[in-house]
Amino acid sequence: MCRVIHSPEYGRYDLGPEHPFSPVRGRMLLELLEALGVELDPVRPEPLPPEALLAVHEKAYVDAVEAASRGESLDDPGRWGLGTADNPIVPGMAEGARAIAGGTVLGARLLVEGETRRVLQLGGGLHHARPAMASGFCLYNDLALAIHEMVSAGWHVAYIDIDVHHGDGVQEIFYGSDRVLTLSLHETGEYLFPGTGWLHEMGRGMGRGLTLNLPLEPFTEGDTYREVLVEIADAALSWFRPDAVVVQAGADAHFSDPLADLMLTTRDYEAIYRDLLRIVDRTAHGRVLFTLGGGYSLAATPRIWAILALVLLGLPVPERLPEAWRTRWSERLGIELPETLHDPGNPYEPIPRRPEVLRADREALRRLLDAVAPIWL
Ligand SMILES: [Zn+2]
């Protein structure tokens, strides 16, 4: 049984009408699930109080974000990564970010308390937020806060990040921990923000061998992505045997995403969700918390996450999009949404494998497995 977490307060995390990390994505998703007749019955979380953020953030940073969010002017906002195009200062942003963090932490609590084994947080995934720096649309690191909650209960936690960007904030926070294994698959930092997530970033001290990065070539398509994801996730979790898994399920590796260059389809996403659940069931007692994340194609992202919700809830994935939803949002956005929940057929499917991409991605996987082999003995 999967519990769903959501609060209307998440909509307060709105960085402006032109900003890609738009709450419209969440609204489209909720309305789509409703139109599909899915009974979500979401648990509504309380926002985290500012002091709870200190588990992973520095106090001076939290003070600065909260002050900026109240409209106070900061001496040097750039010092905190604030006031940039990616992280503009917007009134209420801190409250929105704390509402989201409250939801992800609640998901961790439901797992720790044995309320459920499967949680879908319909928001969050702010994986770039660092201890004292806003970055990549992210203010407060809800994922790290949730992982910290589980570690505080004595658990070992595996974090799997399928967002197209490197999960640098979560990696940094647990880089020296022997309680948390992080695995990020992403388009190589050679071409994509944040420019990190290299094979050689493998953790520090007690955490050595528990930070895993698989940088992928641009134009990596779904079959190759799944092949390397399943092999590394299966190997890592079979060795680490976590008490629970947190998945950052960003949808920006889709072929239509405007910010990146991977080539996943909705069918690949569905298969990936099922792959991950199978691995979690086998290696982590079936305990998993999924969050949302990046995903900037308004035509694709709500469909991808609706498929995620259907898979987690054990419901069939219908063929057609509800016509009323499709018409309403096509008009509002001024784009023509497809008639189907999955990507329409030609010209996008199937996406052929490129031999040079497959070779490079397999080579990256082999080098990663070779590097961790002596540590995982
Ligand atoms: Zn992303």
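Counting starts at 1 for both ligands and their atoms, following the listed order.
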What residues, two or more places apart in sequence or in another chain, satisfy salt bridge (charged side-chain N to carboxylate O under 4.0 Å, His left out) together with Arg353? Glu221, Glu227
My understanding is that only residues two or more places apart in sequence, or in another chain, count here; which of them pass salt bridge (charged side-chain N to carboxylate O under 4.0 Å, His left out) with Arg12? Glu9
What is the OD1(Asp163)-the Zn ion (ligand 1)-OD2(Asp252) angle, to the nearest 10 degrees? 100°
Is it the case that the ring center of Tyr13 lies less than 6.0 angstrom away from the ring center of Phe137? no
Just give me the atom name: the N, O or S atom of His165 closest to the Zn ion (ligand 1). ND1
Backbone or side chain, does His127 get an N/O/S atom under 2.8 Å to the Zn ion (ligand 1)? no
Heavy-atom closest pair, residues Gln121 and Tyr10: OE1-OH, 2.7 Å
